[in-house]
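Structure first, commentary second.
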Amino acid sequence: MSQLRKVAGAAALVLVDGVTPLRPEPELFEAMLEGWGRQQRSRRLSVPLIEGRERLVRRFQAFTGVWPWCWTPEQVEGWSVSGGWAHSTIRSYQGALAVFLDYLCDARYGWISECEQRVGARPVQVCHEWNTAVHVADYEGRPERRPLTRAELQAFFDAADDRVESAASSRRKGWLAGFRDATLFKTVYGWGLRRREAVMLDVCDFTVNPAAPELGGFGVCQVRFGKAMRGSPPKRRMVATVMPWAARALEQYLAEVRPQYGCGAHPAIWLTERAVRISARQVGDRFAQFRALAGLPAELSVHCLRHSYVSHLIEDGVDPLFVQQQVGHAWASTTATYTTVGADARNRMLRSALSRAYDAGAGGGDGR
C-alpha cells in the first residue's frame with residue numbers, strides 16, 4: 001500500500017480510511033472519478049479534456065444504471081447505437097470510456113482490491129476491438145462538411161457585408177457587431193484559422209513580415225492557441241499573409257471599428273458590447289445567421305472556411321507543403337483530406353500534365 005500512495009490517482013489517496021458509508025457504491029464511484037482526474041492532471045492533460053471525459057463516464061453510468069464494476073460489453077454496444085452519433089464522435093466516446101477502465105484495472109492504482117473489499121466485485125475492460133469503432137480513414141468528418149466553392153464564399157461574404165450596410169444605413173443597434181463578425185470570418189478564411197484560434201487572437205498577434213514589407217503590420221499572423229496534442233500546451237505557428245484583401249479588411253476594422261468599443265486596453269481583437277472577448281459559441285451562431293442569409297446549406301460550419309482556404313490555395317497552384325505549414329498540420333495526409341479541388345482547377349492540372357508529356361515526346365523522349 002505504501003507504494004500505491006506514491007502514484008497520482010491511487011485509491012489510497014482519495015478514499016477515507018476507517019469510514020464505512022451507508023451506501024458505499026456512490027462514494028466509491030466518486031472516488032474513482034476523483035482519482036482519475038488526479039492521474040490525468042499529473043499527465044498535464046487539459047482541464048476541458050478531463051472534464052469532458054468525466055461527463056462522458058457519468059453519462060454512461062446513468063445509461064446503464066449500474067456501477068463500473070458491473071459494466072458489460074453488451075452495455076457498451078447498446079449505448080453506442082443509442083445516440084445516433086457520428087463515427088468520429090462515438091470513437092472518441094468509446095476511447096474515453098476505455099481509458100477510464102484501463103485506469104481502474106491498472107494494479108498500480110489499487111482500485112481492483114478496493115472494489116473486491118468494499119462491494120465484492122471488480123471492474124473489467126468492456127471496450128474491445130470487436131465492439132468498438134475503429135479508425136480506418138484519415139478523415140472521419142461528415143461528407144456534408146466541405147469547402148465552400150468560390151461562388152458560395154463570395155455569397156457568404158456579400159451577405160455579411162450587406163447586413164452591416166443595412167444596419168448602418170438604418171442606424172440600428174448592432175452594426176458594430178456586424179462589422180466585427182464580417183471581418184472575423186474574412187480573417188478565419190484569409191489565414192486558414194480554426195474557430196478557437198481566431199477567437200483567441202490579440203491585436204499584438206499581427207506583425208511585419210520582412211519577406212513582404214508591402215503588407216505593413218499584417219504580414220504575419222502569430223497563432224498562439226493552436227490545437228493541442230495529447231495534453232501538450234497549445235501549439236503555436238506563424239501564418240504568412242497570402243491574401244492582401246483580408247489584411248486590408250482587418251486593418252480597417254482595427255482602425256475604424258474596434259476603437260468604438262471603448263476598450264483600448266483590452267488585448268483581444270474581437271470584443272463584445274460588454275467589453276469581453278467573443279466566445280466560440282457566439283462565432284458559430286453568427287456564422288449560422290450569415291449562412292442562412294446567403295442561402296447556403298445548413299451543414300456548412302465555421303471550420304469549412306478553413307477547408308476552403310486549403311482547397312483554394314491548392315487550386316491556385318500554391319505548394320502543398322507551404323499550405324500544410326500554414327495550417328499547422330503535422331502530416332501532409334491531413335491537409336489532403338481538407339482539399340477538394342474544383343473541376344476547373346483539375347482541368348488546368350490535367351492540361352499542364354499533358355503538355356509536359358507531349359513536350360517531352362516532341363523532344364525525342366519516349367514520354368515516360
Side-chain angles (χ1 to χ4, degrees), residues 25-26 28-37 39-40 43 45-105 111 115 121 123-146 194-196 199 227-231 279-289 291-292 296-307 334 337-338:
E25 295 86 356
L28 187 58
F29 180 55
E30 293 298 326
M32 288 174 168
L33 292 174
E34 171 61 24
W36 189 37
Q39 184 250 20
Q40 293 178 94
R43 296 171 54 203
L45 299 185
S46 67
V47 173
L49 175 62
I50 296 172
E51 293 177 346
R53 285 178 167 180
E54 179 180 331
R55 288 193 299 269
L56 189 281
V57 170
R58 291 185 183 278
R59 285 169 56 188
F60 183 73
Q61 190 278 324
F63 175 84
T64 62
V66 296
W67 305 107
W69 47 90
C70 299
W71 290 348
T72 66
E74 291 77 16
Q75 291 169 338
V76 174
E77 295 164 11
W79 173 70
S80 298
V81 301
S82 66
W85 299 299
H87 182 89
S88 58
T89 301
I90 191 58
R91 190 170 59 82
S92 173
Y93 287 175
Q94 292 170 343
L97 191 61
V99 169
F100 174 64
L101 290 170
D102 281 342
Y103 160 74
L104 295 184
C105 296
W111 289 109
C115 288
V124 296
Q125 181 59 262
V126 297
C127 297
H128 306 284
E129 182 179 352
W130 45 266
N131 72 336
T132 56
V134 296
H135 186 190
V136 296
D138 291 329
Y139 179 66
E140 297 180 330
R142 298 181 185 275
E144 297 85 359
R145 297 290 176 88
R146 56 169 177 78
R194 299 180 178 90
R195 181 171 60 172
R196 185 170 186 271
V199 166
K227 186 176 181 180
M229 298 296 292
R230 298 183 179 179
S279 69
R281 180 182 293 274
Q282 289 174 303
V283 173
D285 291 343
R286 191 54 62 95
F287 179 88
Q289 295 177 12
R291 181 188 61 203
L296 300 179
E299 294 80 11
L300 298 177
S301 67
V302 178
H303 199 69
C304 293
L305 294 176
R306 177 172 159 89
H307 286 235
T334 306
T337 62
Y338 275 47

*Do the rings of W67 and F29 sit parallel, tilted or perpendicular, given the 30° and 60° boundaries?*
tilted

*Scan side-chain atoms only and decide if R91 and Q94 contain a donor-acceptor pair under the 3.5 Å cut-off.*
no

*asked:* For a 4.5 angstrom cut-off between non-hydrogen side-chain atoms, does R195 reach S301?
replied: no

*Is there a donor-acceptor pair closer than 3.5 Å between any side-chain N or O of R291 and the backbone N or O of A298?*
yes

*Which pair of heavy atoms, one from I90 and one from S80, lies closest together, and at what distance?*
CD1-CA, 3.8 Å

_Distance-minimising heavy-atom pair for Q75 and V66_ = NE2-CG2, 3.6 Å

*Check F63 against S82 and note the closest heavy-atom contact, atom names and distance.*
CE1-OG, 3.9 Å

_Ignoring hydrogens, what is the shortest heavy-atom contact between Y103 and G35? Give both atom names and the distance._
OH-C, 3.0 Å

*Given side chains that start at C-beta, do those of E51 and E54 come closer than 4.5 Å, heavy atoms only?*
no

_So W71 and L101, do their side chains get closer than 4.5 Å, heavy atoms only?_
yes

*Could you tell me the separation between the CZ atom of R194 and the CG atom of L305, rounded to the nearest 0.5 Å?*
14.0 Å

_Test side-chain hydrogen bond (donor to acceptor under 3.5 Å, both in side chains) on Q61 and R58; report intermediate values, then the result._
CA-CA 5 Å; Q61 190 278 324; R58 291 185 183 278; over 6 Å; no

*asked:* Which label fits W79 and F60: parallel for a plane angle under 30°, tilted from 30 to 60°, or perpendicular past 60°?
replied: perpendicular

*Indicate the atoms forming the closest heavy-atom contact of W111 with M32, along with that distance.*
CH2-N, 3.6 Å

*asked:* Checking H307 against R146 for the side chain to side chain contact (heavy atoms under 4.5 Å, CB included) test, could you report, in this order, the C-alpha distance in whole Å, the side-chain angles of both residues, the deciding distance, and whether it holds?
replied: CA-CA 7 Å; H307 286 235; R146 56 169 177 78; over 6 Å; no

*Hey, does W85 have a side-chain heavy atom less than 4.5 Å from the side chain of S92?*
no

*Is V99 close to W36 at the side-chain level, that is, under 4.5 Å between some pair of heavy atoms?*
yes

*L56 to L97 - nearest heavy-atom pair and separation*: CD1-N, 4.3 Å

_F100 vs Q40 side-chain heavy atoms within contact, under 4.5 Å_ = no

*asked:* Once rounded to the nearest 0.5 Å, what's the spacing between atom CD1 of I50 and atom CG of L33?
replied: 12.0 Å

*For side chain to side chain contact (heavy atoms under 4.5 Å, CB included), just list the numbers for H303 and F287, CA-CA rounded to whole Å, side-chain angles, deciding distance to a tenth of an Å, and then say yes or no.*
CA-CA 10 Å; H303 199 69; F287 179 88; over 6 Å; no

